[in-house]
S.K.: 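Here's a structure for you.
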Protein chains: 2
Amino acid sequence: MKRVSLKDIARIAGVSPSTVSFVLNGKAKQMRISETLASKIMEVAKKEGYHPNPVAVSLRTGKSQILGLIVESISGNFFASLSRIIEEEAARFGYKVVYTSTENNRQKGKELIGMLSQRQVDGYIITPTPGMEQDIKELIDDNKPVVLMDSYFPGIDVPHVLVNNYEGVKKGMGHLIEKGYRRIGFVTVDLNLVQMEQRLQAYHDCMEQEALSTDNLVLTLKYEEEKELGIQQVTSFIQNTPDLEAVFFATNYLGLLGLESIHRLGLKLPDDLAMICFDDHDVFRLYPPGITCIRQPAEDIAKTALELLMDQLGKGSTNGETKIQISPGLVVRGTTEYVQKVNK
Amino acid sequence: MKRVSLKDIARIAGVSPSTVSFVLNGKAKQMRISETLASKIMEVAKKEGYHPNPVAVSLRTGKSQILGLIVESISGNFFASLSRIIEEEAARFGYKVVYTSTENNRQKGKELIGMLSQRQVDGYIITPTPGMEQDIKELIDDNKPVVLMDSYFPGIDVPHVLVNNYEGVKKGMGHLIEKGYRRIGFVTVDLNLVQMEQRLQAYHDCMEQEALSTDNLVLTLKYEEEKELGIQQVTSFIQNTPDLEAVFFATNYLGLLGLESIHRLGLKLPDDLAMICFDDHDVFRLYPPGITCIRQPAEDIAKTALELLMDQLGKGSTNGETKIQISPGLVVRGTTEYVQKVNK
DNA sequence: TCTGTTGGCTAAAACGATATAGTAATTATT
DNA sequence: AATAATTACTATATCGTTTTAGCCAACAGA
């Protein structure tokens, strides 16, 4: 059951290791190895069940055929499906994917560094968190192929793909307003990331456009906070905001907190309160009456991210564009379907 | 920004690479390198920011310090938390973890082989699916360290850790019966795995013990089936089973199907039907009135699995036992709390 | 003085591949 | 006929480590 090495099959075929290497790497004619010998070598290799040792290849070539995927959280089905698609796509290009998540070990950016510093990967797909800016800068200074997903840093020039956050919120707000809601609250988090800013900005713009006040209608939670504390803050926000008709949650995590809060307050969706959330979640589909949300097209994002990375790795279909925003979809469910509100 | 190699720091320190290697691997006194030289080398290494190239180490030693984790599905929070804990624990022993899931590429067992065949990992933690038996046999014949998680093959002698499925169902059934439910259905899947058999067996035993019939009360879905088809089957099962009072779902995936079915039938939990599920899920906690379930102690399972693996890798706290079953917990939520039923 | 031991290090061969620079034999060019 | 060019391969260095076997002093024993 011993692994056969290239040397082994060279010995068996009665040729030199170099020859075997050339043949097996498809450089047979380029190195003008005769057809007969080439096919003989192929045969031997197949018969002996030869598989190159990727570690040796990696050491020699400096390439690992591995991509590093750094997500915020492996659980959460947005990232889960992202990962799955990326894995599939990467496989088509002959790459494997290794995952790390920043949420797990709370050192966030630092865990990333650990991963980065071993430099074995050929490219990075990263969903950035605030602490990472410096590390990412280092990566690109180092000429490592990097693609940012789901967010980006305005200060650094690096390829990225994310959903059009502004458009997403605008769609959601348009829907709420069309349904007759006017007193619309917005719950967000103090994450210093562009996508969060864009979402909030879109909210403000939409409200302003309708000449609606946003005073005391925005709740900003702290990122590093306990879940329970978040729930309490949302609860009191809902409770203490007069005439609140609808709440827009800026992330699905916030939406889940909101669900707990609403549950505790004994409010009925959407009769007592309408809700909409940026980003979908299993729970939103199942939790009656279904939570209306802005859905990020995971498949598009993942595929695009991989394309951008492959471009950098020289396997690209280079269409040139490196900063891509993808249109999100509005998924209307029960929490915005209270008919009475329309006529109010 | 170039990587510094061991050779570099040897040159800088004015010694041979061997000496550096010895010092850096803590073999200084064993190889009787003088204290002064040793500390000088350490200093240089630190100053130059030396990190050994894991690829080279791996090639030379044949060890990668990487563990392969093969789960059924990366999404699903049972596996998500398993992975997280395993990653943490592995780090304490100096191992990294790479994930693969069998669900993603539907070739299941075959995807595994791809992973296995590259043999770069030092050990395997696997949640087995039916097709894998042969592959796992090969692994252990090959003397690779393997631990099975969440299930095992009675035919092969390999360390494993899983929840005590029999006990789990028994707990759940005991709870239902205590609450007064008698017409209890059981929804399972035709997966040919011990844990599924044990769950079903426990159900039958419990019913028999109470002298209750199980005729037409068991629904077995096909594993490879479309989700929608599953929902339809569960729906018609619930609809066509007279006097059905409660349903025990054998996995959380089935429970989710059940939830959809119940939702579509417009039944109210637990008034119209009680439900309990093996294995917890985010949705079960949030979906009103909360789904009662049997919870697998993910942390215990993960830690134990890693211990078993470390035993095989010679870093063990070897207590000898290699086949471990862990007691599950009963999490009572709203779906089994319909007070009227008790007095029925 | 010669041999034996020990201390303190280094040379060099792996690990399994790839890629550059040859080499020997044949064929083409002038 | 002598040189150049081509064909069909091979020798060898290299990637960055680890590890076995040695080497050279210095010192001890006889």
Side-chain angles (χ1 to χ4, degrees), chain A residues 1-42 44-45 48-66 94 117-122, chain B residues 1-42 44-45 48-66 94 117-122:
Chain A
M1 252 313 176
K2 296 218 42 163
R3 268 188 79 87
V4 289
S5 73
L6 182 144
K7 243 179 243 172
D8 292 332
I9 88 125
R11 194 173 25 72
I12 295 170
V15 298
S16 84
S18 339
T19 311
V20 177
S21 173
F22 292 139
V23 171
L24 264 31
N25 291 349
K27 305 195 175 143
K29 49 229 87 135
Q30 187 192 141
M31 286 294 136
R32 38 202 168 190
I33 310 294
S34 66
E35 266 302 332
T36 43
L37 185 54
S39 54
K40 177 182 175 184
I41 289 175
M42 297 287 270
V44 173
E48 300 293 324
Y50 171 74
H51 288 284
N53 180 331
V55 174
V57 174
S58 175
L59 177 59
R60 181 60 232 249
T61 63
K63 269 107 210 319
S64 61
Q65 299 297 109
I66 291 177
S117 77
Q118 69 178 26
R119 311 268 192 210
Q120 299 321 119
V121 306
D122 292 348
Chain B
M1 254 310 178
K2 295 217 44 161
R3 267 187 79 87
V4 288
S5 74
L6 182 145
K7 245 179 238 170
D8 292 331
I9 86 124
R11 193 172 27 70
I12 294 169
V15 297
S16 84
S18 339
T19 311
V20 177
S21 174
F22 291 138
V23 171
L24 264 31
N25 290 349
K27 304 197 175 139
K29 51 232 87 138
Q30 188 192 142
M31 285 293 135
R32 39 199 172 193
I33 310 293
S34 65
E35 266 302 331
T36 43
L37 186 53
S39 53
K40 175 182 176 186
I41 290 174
M42 298 286 269
V44 174
E48 300 293 324
Y50 172 72
H51 286 287
N53 179 331
V55 174
V57 174
S58 176
L59 177 59
R60 178 60 232 242
T61 63
K63 268 108 209 321
S64 61
Q65 299 297 107
I66 291 177
S117 77
Q118 68 179 27
R119 311 271 192 210
Q120 299 321 120
V121 305
D122 293 346

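Below, chains carry the letters A, B, ... as their sequence lines are ordered, and counting in each starts from 1. These values consider heavy atoms only, across backbone and side chains, with no hydrogens, waters or symmetry-generated copies. Please read all numbers here as calculations on a predicted model, not as lab measurements.
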S.K.: Considering only side-chain heavy atoms of B:Pro52, which listed nucleotide, D:dT20, D:dT17, D:dG16, is closest?
M.R.: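 Nearest listed nucleotide: D:dT17.
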S.K.: Do you know which two heavy atoms are closest between B:Asp122 and B:Gln65, and how far apart they sit?
M.R.: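 Closest approach of B:Asp122 to B:Gln65: OD2-N, 2.7 Å.
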S.K.: Of the nucleotides C:dA17, C:dA19, D:dT20, which one has an atom closest to the side chain of A:Lys27?
M.R.: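 Looking only at side-chain atoms, A:Lys27 lies closest to C:dA19.
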S.K.: Taking side chain as C-beta onward, heavy atoms only, is A:Tyr50 less than 4.5 Å from A:Leu24?
M.R.: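 In short, these two side chains touch, coming nearer than 4.5 Å.
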S.K.: From CG of B:Leu6 over to C1' of D:dC15, roughly how many Å is that when rounded to an integer?
M.R.: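 Atom-to-atom, B:Leu6 to D:dC15, this comes out as 13 Å.
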S.K.: Which parts of residues 10-23 of chain B get close to DNA chain C, meaning a heavy atom less than 4.0 angstrom away?
M.R.: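 Nucleic-acid contacts, sorted: B:Val15, B:Ser16, B:Ser18, B:Thr19, B:Phe22.
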S.K.: So which atom in B:Ala28 and which in B:Val23 form the shortest heavy-atom distance, rounded to 0.1 Å?
M.R.: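 Shortest heavy-atom separation between B:Ala28 and B:Val23 comes out as CB-CA, 4.4 Å.
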S.K.: For B:Lys7 and D:dG16, give me the distance from atom NZ to atom P, rounded to whole Å.
M.R.: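 Interatomic distance, NZ of B:Lys7 to P of D:dG16: 7 Å.
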S.K.: Remember a base hit wins even if backbone is also touched, and classify A:Lys63 as base, sugar-phosphate or nothing at under 4.0 Å, heavy atoms.
M.R.: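 Since no nucleic acid heavy atom lies under 4.0 Å of A:Lys63, the category is nothing.
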S.K.: Can you tabulate the close N/O pairs, meaning under 3.5 Å, that link protein atoms to atoms of nucleotides 5-7 of chain D?
M.R.:
from: D:dT7; atom 1: OP2; to: A:Arg32; atom 2: NH1; distance (Å): 3.4

S.K.: Answer with base, sugar-phosphate or nothing: what part of the nucleic acid does B:Lys29 contact at a heavy-atom distance below 4.0 Å?
M.R.: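 If one applies the 4.0 Å heavy-atom cut-off, B:Lys29 turns out to touch nothing in the nucleic acid.
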S.K.: If every non-hydrogen atom of B:Ile12 is compared with every non-hydrogen atom of B:Glu48, which pair is closest and at what distance?
M.R.: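 Looking at all heavy atoms of both residues, the closest pair is CD1-CD, 3.7 Å.
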S.K.: So does A:Met42 have more than 12 non-hydrogen atoms from other groups sitting under 6.0 Å from CE?
M.R.: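 Counting neighbours around CE of A:Met42, 12 or fewer heavy atoms of other residues, nucleotides or ligands fall under 6.0 Å, so no.
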S.K.: Any side-chain N or O of A:Ser5 less than 4.0 Å from the OP1 or OP2 oxygen of C:dC15?
M.R.: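 So the side-chain polar atoms of A:Ser5 never come under 4.0 Å of the phosphate oxygens OP1 or OP2 of C:dC15.
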S.K.: Write down the distance between CD1 (B:Ile33) and P (C:dT6), rounded to a whole number of angstrom.
M.R.: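 Rounding to the nearest Å, CD1 of B:Ile33 and P of C:dT6 are 18 Å apart.
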S.K.: So which atom in B:Ala13 and which in B:Lys40 form the shortest heavy-atom distance, rounded to 0.1 Å?
M.R.: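 Looking at all heavy atoms of both residues, the shortest contact is O-NZ, 3.4 Å.
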S.K.: How would you list, by chain and number, every residue that makes a side-chain hydrogen bond (donor to acceptor under 3.5 Å, both in side chains) with B:Arg32, sequence neighbours excluded?
M.R.: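 Listed in chain order: nothing, the list is empty.
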S.K.: Would you mind telling me which of C:dA17, D:dT17, D:dC9 lies closest to the side-chain atoms of A:Ala56?
M.R.: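 Comparing C:dA17, D:dT17, D:dC9 against the side chain of A:Ala56, the answer is C:dA17.
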S.K.: Can you tell me if the side-chain N/O atoms of B:Ser58 get under 4.0 Å from OP1 or OP2 in D:dT17?
M.R.: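 No, no such contact exists.
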